[in-house]
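Presented below is the structure to which this report refers.
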2 protein chains.
Amino acid sequence: MVESAAVLFRERGVQGTSFNDVLEHSGAPRGSIYHHFRGGKTQLAEEATQWAGEFILASTAAALAEDDPVAAFESSRRWWTSVLRDSDYAAGCVIVAATLEGEREPSVRDAAARAFQAWESVLRDAFVNRGIPAARARSIATLTIAAIEGAVIMARAERTAAPLERVSDELETLVANALRGEAG
Amino acid sequence: MVESAAVLFRERGVQGTSFNDVLEHSGAPRGSIYHHFRGGKTQLAEEATQWAGEFILASTAAALAEDDPVAAFESSRRWWTSVLRDSDYAAGCVIVAATLEGEREPSVRDAAARAFQAWESVLRDAFVNRGIPAARARSIATLTIAAIEGAVIMARAERTAAPLERVSDELETLVANALRGEAG
DNA sequence: GTCTATACGAAGATAGAC
DNA sequence: GTCTATCTTCGTATAGAC
């Protein structure tokens, strides 16, 4: 049910997804919602955000453990491209959707912040372990996440994965240069 | 009224903003909505998106006309930082909000796509005019927009402008290098 | 053009039976 | 735990008077 919520949130946003939508998508029984989610829709949104954050974190960590950062970027690019294509460019990132929930539900936004920070940490550590100075490593980690998220949004608007491809190319070049010790 | 809608959309999203909210914020008379916006909320969202796109386009073009691209980035950074700070990190970008409206209102999403493309064009042209090859210029333009939009989202989640600062630093370094003819 | 009143539907949440 | 029924609120949109 949390997974269904995540799938729907990334296509329709948190505000655009009703409890009924989640029930229908997950096949969960109607009467049991407020047993499992005493906090109502807010709690569901928090848990879906956390779930998505952990998914991205695990995927990123696994890719970084296997390959060098540039190769890991490739697997990330492929994953986001398939998410976009398979949804006809309707799906984005759950953490972004949770952030946009913003003022209405601070706890959901805070869950998104934790997901972003964990994601940034695992990237930063990978860069540091490969010899990039800590401050620079953090900047590149932030840039990576921001650029991917922004590119996914642009891809949804323009209904083509091209923005994500261009952004990924630039990111890979930048990271490859940084790994060789260059400034930019 | 379009301006009020834009202000509210960037804080609460399109779905999270009601017609009543716009009326209250703008002080517009209640009975005249469907005279001016026959297409209802959809039309209002389209016009607000177009308005925001033209605003960003004009600001960017003006900054690029006065200074070199790196200096123009500085003015962009300052503008976004003040938007975030002044709203207590509640406000983001109208075009992003319009994109997230997505499947529900294709015409709104298309207006967002046009805004992104116009923005990208003016950046790309500025880079080309300063000697960066066309393909690379376009990639950097896409990266710039994606990274700024992503950084604004991260800033809202984390309630600090720090992500935007780090991303801006990286972007300025990258563009400065590209202007000197380097690869990354 | 602007007003009030209202129709209509959707969504979150709760109550109480099984 | 799960069901049906219902309460309440809210949002879009329309109708008809001024």
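Labels below follow one simple rule: chain letters A, B, ... track the order of the sequence lines, proteins then strands, and each chain is numbered from 1.
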query: Salt bridge check: are B/Glu120 and A/Arg166 linked by an N-O gap of less than 4.0 Å?
result: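 Looking at A/Arg166 together with B/Glu120, the answer is yes, because their closest N to O distance falls below 4.0 Å.
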Tell me: [atom1] of [X] to [atom2] of [N], nearest whole Å?
X        : N      : atom1 : atom2 : result
B/His35  : D/dC18 : NE2   : C1'   : 12 Å
B/Arg104 : D/dT12 : CZ    : C1'   : 11 Å
B/Tyr34  : C/dA7  : OH    : C1'   : 13 Å
A/Ile33  : C/dA15 : CD1   : C1'   : 14 Å
A/Gln43  : C/dA13 : CD    : P     : 11 Å
A/Lys41  : C/dA11 : NZ    : P     : 9 Å

field: Strand contacts (DNA chain D) in residues 5-32 of chain B, 4.0 angstrom heavy-atom criterion
entry: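 The stretch gives B/Thr17, B/Ser18, B/Phe19 as the residues lying under 4.0 Å from the strand, ordered by number.
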query: How about B/Tyr34 and B/Phe19: are their ring centres within less than 6.0 Å of each other?
result: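 Yes: the rings meet the under 6.0 Å criterion.
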- prompt: Given the side-chain rings of B/Trp79 and B/Phe55, with only the six-membered ring counted for Trp, is the space between their centroids under 6.0 Å?
  reply: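 Between B/Trp79 and B/Phe55, the centre distance is under 6.0 Å.
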field: Euclidean distance, B/Ile33 CD1 relative to B/Arg38 CZ, rounded to 0.5 Å
entry: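 Interatomic distance, B/Arg38 CZ to B/Ile33 CD1, rounded to 0.5 Å: 13.5 Å.
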message: With rounding to the nearest 0.5 angstrom, report the CG to CD distance, B/Asn177 to B/Glu172.
response: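 Interatomic distance, B/Asn177 CG to B/Glu172 CD, rounded to 0.5 Å: 12.0 Å.
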field: Short side-chain N/O contact to C/dG1 OP1/OP2 from B/His36, under 4.0 Å
entry: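 No, outside the criterion.
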task: For A/Arg159 and A/Asp88, run salt bridge (charged side-chain N to carboxylate O under 4.0 Å, His left out): C-alpha distance rounded to whole Å, both residues' side-chain angles, the deciding distance at 0.1 Å, then the answer.
output: CA-CA 8 Å; A/Arg159 295 176 62 75; A/Asp88 194 28; 3.0 Å; yes
